[in-house]
Structure formats: C-alpha cells, structure tokens
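Residue numbers start from 1 in every chain, and the chains themselves are labelled A, B, ... in the order their sequence lines are given, proteins ahead of strands.
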Amino acid sequence: MGRNRLKTALKTALFAGLGLVAGSLFANFRSPDYRHASLILKKTGESGLLAINDYSGRQVVALSLKNLQPASDLILQGEGFAIQSWYPPALPLPFKSWPVVSGGKSGEEFRARGVRLGQRLPLYLIVEGNEAGGCRELTIRNGANGALIRTVHLTPGGDNGGHH
Amino acid sequence: MAAITEFMGRHRRTLFIALGLLLFLPPLSLLPQLAGEVNMCGAVCPRMFFILSPKGIWAGLIKGVQNAWFGVALVGLILSATFFFGRLWCSHLCPIGGATELVSRATPSRLKLDYSFLPAPAFRYGYFAIYAVGGLLGIGSIACKFCNFRIIPFLAGAPFVPAFRTYLFTGMGMAGVAVILLTGFLARGGRGYCNLLCPVGALDGLSNWLGGKFRFNRRMRTDETRCHGCGQCVSVCPVWALRGEGKGRPPVRDQLACLSCRECTQACPQGAISYGRR
C-alpha cells in the first residue's frame with residue numbers, strides 16, 4: 001500500500017514537472033515572422049514607435065488598435081506593408097453595426113469607418129521583406145477632414161530598440 | 001416521430017456540440033457578435049483574464065475583467081454550472097473541444113495518437129501553473145500562443161475571412177495548428193488539448209472536483225455493486241478519466257478529468273454508471 005502511494009506520488013510529481021517544462025517551452029516560443037502589439041489612439045498629432053521583429057522575410061504584426069479619440073472614420077496608410085482587419089464578420093447579423101473597412105493593399109490606404117470611441121480595431125500589418133536599417137511609417141488620419149491623428153514608426157529590432 | 005426521438009436520444013451530445021459550433025464559431029459567431037466580436041478573442045476571450053499580470057495582480061485582473069467582460073461572464077456561468085451539475089459545458093457545448101472531438105471521430109483509427117498513458121491532471125496543473133503565473137515570474141506568457149479559442153475559430157472562419165488565413169500562415173499560427181492537430185484532431189477521443197492544455201478546462205476540472213465533494217451535486221457515479229469490472233467504460237472515455245485494470249474491479253474515476261459526457265454510461269453493459277446524486 002505504502003509503495004503504491006509512493007509510486008503514485010512520484011508519477012504525479014514527474015508529470016506535473018513535465019507540465020511545467022511544457023508550459024515554460026510554450027511561454028518562450030517565438031516566431032520570427034509574427035509579433036503582437038497594441039496601440040492606443042488618444043491625442044491628435046502624436047508620433048511613436050512600434051517595434052517589429054528583425055527578420056528579413058515577410059512578417060505579420062498583429063496590431064490591436066484601441067480608439068480613444070473622437071474621430072470614427074480612420075485612414076491608415078504606409079509604404080511597404082499591407083493592412084487587413086478581421087472586421088466585419090463573415091455573416092454580419094442585422095442588429096449589430098460594424099466598422100466598414102476597405103482597401104489596405106500594399107501602398108494603398110486602409111479605411112475603417114464607424115470605429116466607435118473605445119472600440120478595438122484588430123489589424124494585421126503584413127510587412128513584406130524587412131531590409132536592414134529600414135524603417136516604415138504608418139500614418140493614421142481622420143477620414144472626415146484629413147487631420148493627422150498619429151504617426152507610428154515601425155522599427156525592426158524587436159524589444160531591444162531598433163535602428164530608428 | 002419515434003425515429004426522430006430515438007435519433008435525438010442517441011446523438012444528443014453531438015447535436016449539442018453542433019449547436020455550440022453554430023453559436024460560437026464563424027461564419028455565424030452569433031454569441032460573439034452579440035458581444036461585439038467576430039470570434040472568441042477580445043471581449044469574448046474566456047482564458048486571459050485570470051492570468052496574473054506582472055504589472056500588478058489586481059490591476060491586471062480588473063483590466064482583464066473590463067476587456068473580456070463576456071468571457072468572464074461565460075466562465076463564471078460555466079464554473080457555477082459545473083459545480084452543481086458536472087462539466088456540461090466542456091462535454092456538450094464547448095465549440096472548441098467539440099470541434100476537435102468531431103474531427104477526431106472522423107479520423108481513421110490507425111492515425112490516432114493515444115495519450116491515455118499520461119496522468120492528465122498532474123500534467124495539466126503543472127502547465128496551468130506556468131500559464132497563470134509565467135508572466136509574473138518572468139518565465140514568459142503563454143496567453144494567445146497556441147490558444148485553442150483562437151485557432152479553432154480561425155480555422156472555421158478561414159474560408160471567409162482573409163485576415164484569419166494571414167494569421168494561420170505565420171509561424172505562430174502554424175505552431176498553434178500543429179498543437180491542435182496533435183492533441184485534438186489526431187488524438188484518440190479528440191480531447192487531448194482539453195485534458196492537457198486548456199486553461200478553462202483546468203478551472204472547470206477543479207470546479208468539478210470540488211462539487212463532487214458534496215452529496216447534493218450531480219456527477220457521473222459508478223454503482224460498485226453492479227459493476228463487473230469489464231473495463232469497457234475505460235476504453236471509451238475520451239479524457240482517460242477512468243482508471244482500472246478491467247479484472248473484475250470497478251474503475252476509479254478522476255473528477256478532475258471527468259468530462260460528464262456519459263460515454264461510459266452508454267458503454268456499460270451492466271447499467272452500473274449513471275449521472276446523478278450520490
């Protein structure tokens with residue numbers, strides 16, 4: 001009986017340890033072609049940095065954009081990357097209103113209309129080829145009057161700064 | 001009419017899973033759309049709010065609850081229901097575990113992987129500890145990485161939404177798909193992810209175990225006086241919650257893993273397993 005208990009306890013400890021190891025490996029997993037970032041749109045005219053991976057191939061930056069300024073018609077534009085959003089849903093239900101998105105191919109402006117105050121706009125920036133020392137710029141404007149809301153510099157180099 | 005009733009009775013759980021898929025997954029995403037989302041991320045995310053934040057535990061929790069209010073409400077409802085009635089969400093409605101189980105049922109047996117040798121609760125709570133406190137301890141955060149509540153809706157919505165395909169074709173997306181493939185679609189029972197890695201499943205298992213301590217709560221129970229120990233229930237359990245040698249002795253049920261799916265009830269030739277109070 002005592003031996004069985006000891007065996008069970010050891011087995012439990014071993015597999016709990018394996019779970020800890022698996023969790024640590026998963027937590028440290030990084031993919032050079034993918035990065036998650038968030039951006040809060042507040043004051044108008046601000047500029048800031050957005051670190052992206054120092055990777056020469058195509059990479060995707062998942063950008064969670066939170067709109068905390070009054071303009072609801074947003075125009076996003078940048079050179080050298082495409083912009084996608086997962087809005088609106090594939091089959092939008094009639095009782096909900098969704099941001100209307102259009103454009104976003106590389107070099108083309110991406111427009112999102114109806115982004116309410118406080119609403120989150122999930123975006124994917126698809127950066128095609130990341131040349132050494134290169135820095136890209138994303139500008140966000142008010143679609144209603146063209147006023148600059150924010151400029152964001154995409155700087156390769158991840159969390160350790162960048163080349164900007 | 002009798003044929004329909006019989007069909008409904010025999011496939012009740014499958015029909016509930018199909019309902020869960022319709023309610024939660026793209027292209028319809030009915031409940032996420034009610035919460036202002038198109039998938040199970042953002043306000044609907046059920047698995048991020050309880051991660052302990054390195055920026056401050058309480059501040060992180062409050063922010064998490066504010067950001068994922070629908071997911072918090074959903075998890076609250078799930079855990080309460082599990083405490084009193086067993087894991088009905090995980091077994092009957094969860095679109096994520098349901099999807100992997102349905103695909104696994106259609107997968108040829110020779111391709112399936114068997115994880116039943118693993119003492120799942122021990123592994124799961126080791127993994128869950130890192131999931132919950134990894135960021136706080138500086139180990140790193142799992143959060144959205146390998147997220148089952150992201151990968152399955154993205155796979156379901158990929159034919160309709162280009163942005164979902166964009167994510168799935170990144171290294172992170174493909175790693176997530178590989179994990180779902182190995183622990184779900186290709187796993188015997190289709191519930192490997194649920195049983196080993198799902199943080200909502202880990203919380204739900206705790207609630208089930210805790211509820212099992214009380215006599216008035218409903219659970220899967222084995223009448224040991226009727227059990228012949230044939231082991232058939234052990235072989236059909238999708239989450240390997242039943243342990244027994246099948247040599248005339250009743251199997252032992254682990255309430256931390258039991259899914260309350262009632263597959264064992266249907267498999268038992270003696271009718272010794274039932275769902276109810278003690």
Side-chain angles (χ1 to χ4, degrees), chain A residues 8-36 38 53 55 57-62 64 66 82-99 101 104 116 118-126, chain B residues 26-30 32-39 41-43 67 118-135 137-146 153-154 156-167 169-176 179 196-197:
Chain A
T8 307
L10 285 175
K11 204 173 169 185
T12 303
L14 173 70
F15 282 95
L18 276 178
L20 289 168
V21 171
S24 304
L25 289 174
F26 276 30
N28 280 306
F29 180 80
R30 300 271 183 282
S31 171
D33 66 346
Y34 179 81
R35 191 177 180 87
H36 191 273
S38 57
N53 290 339
Y55 177 64
R58 173 187 183 268
Q59 68 172 293
V60 173
V61 181
S64 179
K66 189 145 188 173
I83 305 173
Q84 283 182 344
S85 173
W86 64 45
Y87 283 157
L91 289 174
L93 296 178
F95 49 81
K96 272 278 178 190
S97 65
W98 297 93
V101 300
R116 295 186 309 273
Q119 189 170 12
R120 191 175 70 102
L121 183 66
L123 299 171
Y124 285 125
L125 310 182
I126 306 158
Chain B
L28 194 55
S29 307
L30 182 67
Q33 284 202 51
L34 284 177
E37 298 289 347
V38 302
N39 49 36
C41 297
N67 288 342
L118 276 170
F123 183 94
R124 159 194 268 177
Y125 290 103
Y127 179 84
F128 182 75
I130 297 293
Y131 181 85
V133 303
L137 299 178
I139 295 169
S141 171
I142 300 175
C144 300
K145 291 174 194 168
F146 308 97
F154 274 41
F160 314 98
V161 185
F164 289 173
R165 295 196 290 274
T166 297
Y167 173 76
F169 282 102
T170 63
M172 188 63 77
M174 285 193 278
V179 169
L196 298 169
L197 305 174

Most contacts with chain A, counted as non-hydrogen pairs under 4.5 angstrom, among [options]:
{"options": "B:Gly36, B:Ser29, B:Ala43", "result": "B:Gly36"}
{"options": "B:Phe164, B:Tyr125, B:Tyr131", "result": "B:Phe164"}
{"options": "B:Leu28, B:Thr166, B:Leu118, B:Leu30", "result": "B:Thr166"}
{"options": "B:Pro27, B:Ser141, B:Pro32", "result": "B:Pro27"}
{"options": "B:Gly171, B:Ala175, B:Gly140", "result": "B:Gly171"}
{"options": "B:Phe128, B:Tyr167, B:Phe169", "result": "B:Tyr167"}

Tell me, side chain or backbone of [X] under 4.5 Å from chain B's heavy atoms, or both, or neither?
{"X": "A:Tyr124", "answer": "side chain"}
{"X": "A:Leu93", "answer": "both"}
{"X": "A:Ser97", "answer": "neither"}

Sort [X] into side chain, backbone, both or neither according to what part of it lies under 4.5 angstrom from a heavy atom of chain A.
{"X": "B:Leu197", "result": "side chain"}
{"X": "B:Pro26", "result": "neither"}
{"X": "B:Thr170", "result": "both"}
{"X": "B:Cys144", "result": "neither"}
{"X": "B:Phe146", "result": "side chain"}

Just verifying a value: how many Å separate [X] [atom1] and [Y] [atom2], rounded to the nearest 0.5 Å?
{"X": "B:Glu37", "Y": "A:Tyr87", "atom1": "CD", "atom2": "OH", "answer": "4.5 Å"}
{"X": "A:Leu20", "Y": "B:Phe123", "atom1": "CG", "atom2": "CZ", "answer": "9.5 Å"}
{"X": "A:Leu25", "Y": "B:Ile139", "atom1": "CG", "atom2": "CD1", "answer": "11.0 Å"}
{"X": "A:Trp86", "Y": "B:Phe154", "atom1": "CH2", "atom2": "CZ", "answer": "4.0 Å"}

What residue among B:Lys145, B:Met172, B:Met174 forms side chain to side chain contact (heavy atoms under 4.5 Å, CB included) with A:Ser31?
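Going through B:Lys145, B:Met172, B:Met174 one by one, the side chain to side chain contact (heavy atoms under 4.5 Å, CB included) with A:Ser31 is satisfied by B:Met172 alone.
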
Do B:Leu34 and A:Phe95 make a side-chain contact, defined as non-hydrogen atoms from C-beta onward lying under 4.5 Å apart?
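In contact.
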
